[in-house]
Amino acid sequence: MAGYSIILGLLEYFGALLKLTYKEFKEFTENSKEITGKNLDLEYRIFNRLSPTCVNSYKQQLQELKQYFDIPHETLEWWLRVHLIIDHISGMTDDYALKTFQVCKGIDVGIF
């Protein structure tokens, strides 16, 4: 039951990134200065918790796949963003997932 709650909580927490527009998320991945003043502080903090390896894989896949599929670029990007979040969470150790969940929910305010 605890593991289920942790995974569900992490999916909800990182799922906030799925509500961003394509342009907003692209600004995050490009470390754009245009983010300032858009009231996206929480989303930016969530994004910065993602593994750099997963983010780099997302960016590479986005470049490679957009030339092979005849679907809107924003749709493809959104599905890759889902994949990014799932990859990040599935790559967590149990201890790291628990600690991240506790910090995200405000149960533990420790810095890690």
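- Leu50 has its side chain within reach of Leu17: a pair of non-hydrogen atoms, C-beta onward, lies under 4.5 Å apart.
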- [ ] Verify side chain to side chain contact (heavy atoms under 4.5 Å, CB included) between Phe14 and Leu84, making sure each step is shown before the conclusion.
- [x] CA-CA 10 Å; Phe14 286 101; Leu84 164 65; over 6 Å; no

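- Cluster note: Leu8 groups with Tyr4 through ILVMFWY side-chain heavy atoms spaced under 4.5 Å, whether in direct contact or through intervening members.
- When all heavy atoms of Arg81 and Leu20 are compared, the pair lying nearest together is NH1-O, 3.0 Å.
- Between Glu30 and Lys59, every side-chain heavy-atom pair lies at or beyond the 4.5 Å cut-off.
- Atom CG of Leu62 and atom CH2 of Trp79 lie 15.5 Å apart (nearest 0.5 Å).
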- [ ] Decide yes or no on side chain to side chain contact (heavy atoms under 4.5 Å, CB included) for Met92 and Leu10, but give the supporting numbers first.
- [x] CA-CA 11 Å; Met92 292 180 173; Leu10 290 173; 3.7 Å; yes

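- Within a 6.0 Å sphere centred on CG of Asp94, heavy atoms belonging to other residues, nucleotides or ligands number 12 at most.
- Here the OG1-CD distance, from Thr29 to Glu24, works out to 12.0 Å after rounding to the nearest 0.5 Å.
- Atom CG of residue Leu11 and atom CD1 of residue Ile86 lie 7.0 Å apart, to the nearest 0.5 angstrom.
- Residues Arg49 and Val103 share a closest heavy-atom pair of NH2-CG1, 3.4 Å.
- Interatomic distance, CG of Leu80 versus CD of Glu64, reported as 10.0 Å (0.5 Å rounding).
- At least one donor-acceptor pair closer than 3.5 Å links the side chain of Ser90 to the backbone N or O of Asp87.
- Taking the side-chain hydrogen bond (donor to acceptor under 3.5 Å, both in side chains) definition, one finds that Glu74 meets it with nothing, sequence neighbours left out.
- Gly9 and Phe101 make their closest contact through CA-CE1, 3.8 Å (heavy atoms, listed as atom of the first residue, atom of the second, distance).
- The backbone N or O of Val55 lies less than 3.5 Å from no partner atom in the side chain of His88, so there is not a single donor-acceptor pair.
- Taking the side chain as every heavy atom from C-beta outward, Phe28 and Glu43 approach each other to under 4.5 Å.
- Looking at heavy atoms from C-beta onward, Trp78 lies out of side-chain contact with Tyr22 at the 4.5 angstrom threshold.
- A donor-acceptor contact shorter than 3.5 Å is absent between the side chain of Ser57 and the backbone of Thr53.
- The minimum heavy-atom distance between Ala97 and Ile6, with the atom names listed, is O-CG2, 3.8 Å.
- For Phe25, the ring-ring contact (aromatic ring centres under 6.0 Å, His included) criterion is met by Phe47, Tyr58, not counting sequence neighbours.
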